[in-house]
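Encoded as structure tokens, the structure appears first; notes follow it.
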There are 2 protein chains.
Amino acid sequence: MSETHEDTNLAAALVGLSHHVLHLFADAGRAHDLTQQQAELVCAVIVRGRVGMSELGRALHMEKSALSNLVDRAEKRDLVTRTRDPHDRRATWVELTPEGARLAEATHDDVTARIKGLVEGLSGQDRAHLTGVLTQLRDAAQG
Amino acid sequence: MSETHEDTNLAAALVGLSHHVLHLFADAGRAHDLTQQQAELVCAVIVRGRVGMSELGRALHMEKSALSNLVDRAEKRDLVTRTRDPHDRRATWVELTPEGARLAEATHDDVTARIKGLVEGLSGQDRAHLTGVLTQLRDAAQG
DNA sequence: TATTGTTATACTCTATAACTATA
DNA sequence: TATAGTTATAGAGTATAACAATA
């Protein structure tokens with residue numbers, strides 16, 4: 001197999017797997033009456049503790065206006081709260097409510113468990129290697 | 001690092017990377033005035049040649065009604081056509097129009113190129129290993 | 001009866017651009 | 001001037017359920 005052809009296979013496998021992984025948020029969220037985007041939002045907040053709108057936009061790859069709307073709806077559903085940063089009054093911090101934290105934890109655990117189930121067919125060596133490579137790729141992508 | 005902790009890292013890296021990969025469709029599509037979902041649709045069709053609604057729904061992880069709406073809009077924009085299967089008149093085949101095929105090829109090439117750019121920092125050995133593992137995971141996920 | 005797909009309804013999500021407030 | 005975020009508008013995407021047609 002040529003290198004180019006193999007890269008094409010790599011790309012196809014990565015795209016198919018990415019679809020599957022993000023769909024896990026839809027599945028896990030549905031169990032708690034959260035949309036996929038709401039599930040991604042609360043999981044992104046819980047792993048960061050407290051997070052600004054800009055960082056959240058980068059993490060979720062959303063325009064600031066789309067994120068503002070998403071946070072609006074999440075706030076109405078008592079999942080998150082907004083607070084102003086007193087040191088830079090332009091900035092907003094997003095935090096989970098107790099209810100949001102409860103759903104976020106359940107959803108995050110569910111997604112993580114599903115991913116663990118997905119990779120359990122791999123050898124420990126393959127998993128360790130995969131973790132290193134994926135981390136490197138993700139950091140390169142976000143860098 | 002414990003195995004459990006390492007699996008958590010694996011899950012986090014996979015989620016972050018999946019976000020990035022699917023966002024490539026949004027970027028690549030925008031260059032041709034396609035939404036992310038339209039870009040995913042025409043790319044899914046071009047790699048399959050001609051495809052039924054059910055298979056498309058599985059590939060894109062969409063409910064049949066959502067897919068029906070997406071294909072409606074794509075048909076209005078002259079990206080795809082629907083034809084009835086004469087052997088099973090319940091079934092519908094989706095094909096690309098010449099215009100749809102042109103945009104699909106450009107978008108697919110663009111996404112593939114971006115993914116190749118992403119993995120070019122890896123050694124040939126790491127890439128080959130990654131291709132094997134990702135293919136295995138994708139097939140397990142879709143199986 | 002089961003399957004394939006569409007339609008109806010009511011939301012949620014998103015992009016673009018114009019806007020406010022703060023730095 | 002630049003940055004952080006919101007609002008307005010209009011359209012795209014989605015889930016649920018009810019529906020029609022075919023197998």
Side-chain angles (χ1 to χ4, degrees), chain A residues 19 22-42 44-45 50-95, chain B residues 19 22-42 44-45 50-95:
Chain A
H19 266 120
L22 290 195
H23 195 243
L24 294 179
F25 283 93
D27 289 340
R30 196 163 13 238
H32 306 289
D33 198 32
L34 300 177
T35 65
Q36 175 176 341
Q37 288 79 5
Q38 288 170 338
E40 293 180 26
L41 171 64
V42 295
V45 177
R50 190 179 74 152
V51 57
M53 295 288 282
S54 301
E55 183 186 344
L56 215 38
R58 281 191 296 275
L60 299 175
H61 295 290
M62 291 178 69
E63 291 294 320
K64 56 187 180 177
S65 70
L67 179 61
S68 199
N69 288 332
L70 180 61
V71 172
D72 277 354
R73 290 185 296 271
E75 209 173 14
K76 277 187 195 143
R77 287 188 59 169
D78 190 34
L79 300 173
V80 301
T81 59
R82 276 189 251 231
T83 55
R84 273 287 149 88
D85 181 342
H87 302 305
D88 180 349
R89 294 181 39 72
R90 296 171 303 178
T92 297
W93 293 102
V94 177
E95 287 177 279
Chain B
H19 265 120
L22 291 194
H23 195 243
L24 294 179
F25 283 93
D27 290 340
R30 202 171 359 247
H32 306 288
D33 198 32
L34 300 176
T35 66
Q36 176 175 342
Q37 287 79 4
Q38 288 170 339
E40 292 180 26
L41 171 65
V42 295
V45 177
R50 191 180 72 152
V51 58
M53 295 287 282
S54 300
E55 183 185 344
L56 216 38
R58 281 190 295 275
L60 300 176
H61 294 291
M62 293 178 68
E63 291 294 320
K64 55 188 182 178
S65 68
L67 179 60
S68 202
N69 288 333
L70 180 61
V71 173
D72 277 354
R73 289 185 295 271
E75 209 173 12
K76 276 185 194 143
R77 286 187 62 167
D78 190 34
L79 299 173
V80 301
T81 59
R82 276 190 253 233
T83 56
R84 274 287 149 88
D85 181 342
H87 301 306
D88 181 348
R89 293 180 42 70
R90 295 172 302 181
T92 297
W93 293 103
V94 177
E95 288 177 279

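By convention in this document, chain letters (A, B, ...) are assigned in the order of the sequence lines, proteins followed by strands, and residues within each chain are numbered from 1. Hydrogens, waters and symmetry mates are skipped; everything else that's a heavy atom, side chains included, is used.
Note that CZ of B:Arg50 and OG1 of B:Thr81 are 10.0 Å apart. Values are rounded to the nearest 0.5 Å. For the atom pair CG (B:Leu41) and CG (B:Leu70), the distance works out to 5.0 Å, reported to the nearest 0.5 Å.
Put simply, CG on A:Asp72 is 17 Å from P on C:dC11, counting in whole angstrom units. The distance between atom CG of B:Leu67 and atom C1' of D:dA15, rounded to the nearest whole Å, is 14 Å. In this structure, A:Glu40 places its CD atom 14 Å from C1' of C:dT14, rounding to the nearest Å. As a whole-Å value, the separation of A:Arg89 CZ from D:dT3 C1' is 15 Å. Here D:dA4 presents its P atom at 12 Å from CH2 of A:Trp93, a figure rounded to the nearest Å. The nearest whole Å value for the distance from the CD atom in B:Gln36 to the C1' atom in D:dG11 is 16 Å. One can place CZ of A:Arg30 at 8 Å from C1' of D:dA15, the figure rounded to the nearest angstrom. Note: NE2 (A:His23) to C1' (D:dA15) measures 11 Å, nearest angstrom.
Heavy-atom distances under 4.0 Å link DNA chain C to B:Met53, B:Ser54, B:Lys64 of residues 51-64 of chain B, given in residue order. If you check residues 73-88 of chain A against DNA chain D, the residues with a heavy atom closer than 4.0 Å are A:Arg82, listed by number.
Remark: side-chain polar atoms of A:Gln38 are paired, donor with acceptor, to backbone N or O of A:Thr35 under 3.5 angstrom.
Around CZ of A:Arg82, the count of heavy atoms belonging to other residues, nucleotides or ligands within 6.0 Å exceeds 12.
Ring planes of A:His61 and B:His23: parallel class, angle under 30° (limits at 30 and 60°).
Considering only side-chain N and O atoms, A:Thr35 lies nowhere under 4.0 angstrom from the phosphate OP1 or OP2 of D:dA15. The phosphate of C:dT14 has OP1 or OP2 within less than 4.0 Å of a side-chain N or O from A:Gln37.
Summarising the geometry of A:Leu56 relative to A:Ala44, their closest heavy-atom pair is CD1-CB, 4.0 Å, with the distance given to 0.1 Å. Taking every heavy atom of both residues into account, B:Gln36 and B:Ala26 meet most closely at OE1-CB, 3.6 Å. The minimum heavy-atom distance linking A:Arg77 with A:Leu34 is given by the pair NH2-CD2, 4.4 Å.
Contacts of A:Leu70 with the nucleic acid, taken as non-hydrogen atoms under 4.0 Å apart, involve only primed sugar atoms and P, OP1 or OP2.
The side chain of B:Ser68 lies closest to C:dT7 when the candidates are C:dA23, C:dT7, C:dA2.
Residues B:Val45 and B:Val42 are not in side-chain contact: their nearest non-hydrogen atoms beyond the backbone lie 4.5 Å or more apart.
Taking only distance into account, the side chain of B:Ser65 meets the base of D:dT16 through a donor-acceptor pair shorter than 3.5 Å.
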